[in-house]
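As structure tokens, the structure follows; a few thoughts come after it.
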Amino acid sequence: METTESLGYLKGLLDGLDLDANKKETKAIHAIVDVLSNIIEDIDDMTEGMEMLAEQIDAVDEDLAEVEDYLLDDDCDYDCDCGCDDCDDFDDEVEMFEVECPLCGEKIDVDEDTVLSGTIPCPNCGEMLEFEVEECDCEDCED
């Protein structure tokens, strides 16, 4: 028996007892039943709200799954070293390169982003160091 049905049964029992409405005990029992009735209404409202919230969470979860699928598109070969944004996003290690300045002979460590930018000044002599970046020819990155 559900709580609402149990409350209805309790009210029926009280009506069947034919208690004197003017007695303190009868007033107290009716007040308790009224409080129980209010609690049941509150629980029903909360249950309805939780069901609506669960539906909204499910909808957000589905939308998030679509966004994840879009952002984590597996069309690109993440090991292709082409420098495209898709491949760079999945490269956890920062690849470092050692270059030597042709003018002063200073050895400099630069990261992949610096190499991809094309040029940097030598920190020792100021000579502009230029880097040539080969284009990737893999099928996944030709977009």
Can you give each donor-acceptor pair under 3.5 Å made by side-chain atoms of residues 20-29, sequence neighbours left out, with the distance rounded to 0.1 Å?
unit_1, atom_1, unit_2, atom_2, d
Asp20, OD1, Asn22, N, 3.3
Thr26, OG1, Asp20, O, 2.8

Requested in this report: Could you please spell out the steps behind the side-chain contact (heavy atoms from CB on, under 4.5 Å) verdict for Leu36 and Leu10?
Outcome: CA-CA 10 Å; Leu36 290 173; Leu10 180 60; 4.1 Å; yes
Requested in this report: Evaluate whether atom CD of Glu5 has more than 12 neighbouring non-hydrogen atoms of other residues, nucleotides or ligands under 6.0 angstrom away.
Outcome: yes
Query - Over 12 foreign heavy atoms within 6.0 Å of OH, Tyr9 - result: no
Distance check, rounded to the nearest 0.5 Å: [X] atom [atom1] versus [Y] atom [atom2]?
X: Ile108; Y: Met96; atom1: CD1; atom2: CE; value: 11.0 Å
X: Cys101; Y: Glu106; atom1: SG; atom2: CD; value: 8.0 Å
X: Ile40; Y: Thr3; atom1: CD1; atom2: OG1; value: 5.5 Å
X: Asn124; Y: Cys104; atom1: CG; atom2: SG; value: 4.0 Å
X: Lys11; Y: Asp15; atom1: NZ; atom2: CG; value: 9.0 Å

Requested in this report: Not counting sequence neighbours, which residues clear side-chain hydrogen bond (donor to acceptor under 3.5 Å, both in side chains) with Asp34? List them please.
Outcome: none
Query raised in the report: Are Met128 and Ile120 in one and the same hydrophobic cluster, where Ile, Leu, Val, Met, Phe, Trp and Tyr link if side-chain heavy atoms are under 4.5 Å apart?
Result: no
Query raised in the report: Leu17, Ile32: one ILVMFWY side-chain cluster at the under-4.5 Å cut-off?
Result: yes
Query - Min side-chain heavy-atom separation Asp44-Thr4 under 4.5 Å - result: yes
Can a donor-acceptor pair be found, under 3.5 Å and without considering hydrogens, that links the side chain of [X] to the backbone of [Y]?
X: Thr47; Y: Ile43; value: yes
X: Ser37; Y: Val33; value: no
X: Glu48; Y: Asp45; value: no

Report task. Determine, step by step, whether Glu95 and Phe97 satisfy the side-chain contact (heavy atoms from CB on, under 4.5 Å) criterion, reporting the C-alpha distance in whole Å, the side-chain angles of both residues, the deciding distance to 0.1 Å, and the verdict. Result -> CA-CA 7 Å; Glu95 191 170 352; Phe97 301 94; 3.6 Å; yes
Requested in this report: Start with the C-alpha gap between Asp63 and Val67, add the side-chain angles, then the distance that decides, and say whether side-chain contact (heavy atoms from CB on, under 4.5 Å) holds.
Outcome: CA-CA 6 Å; Asp63 291 344; Val67 169; 5.6 Å; no
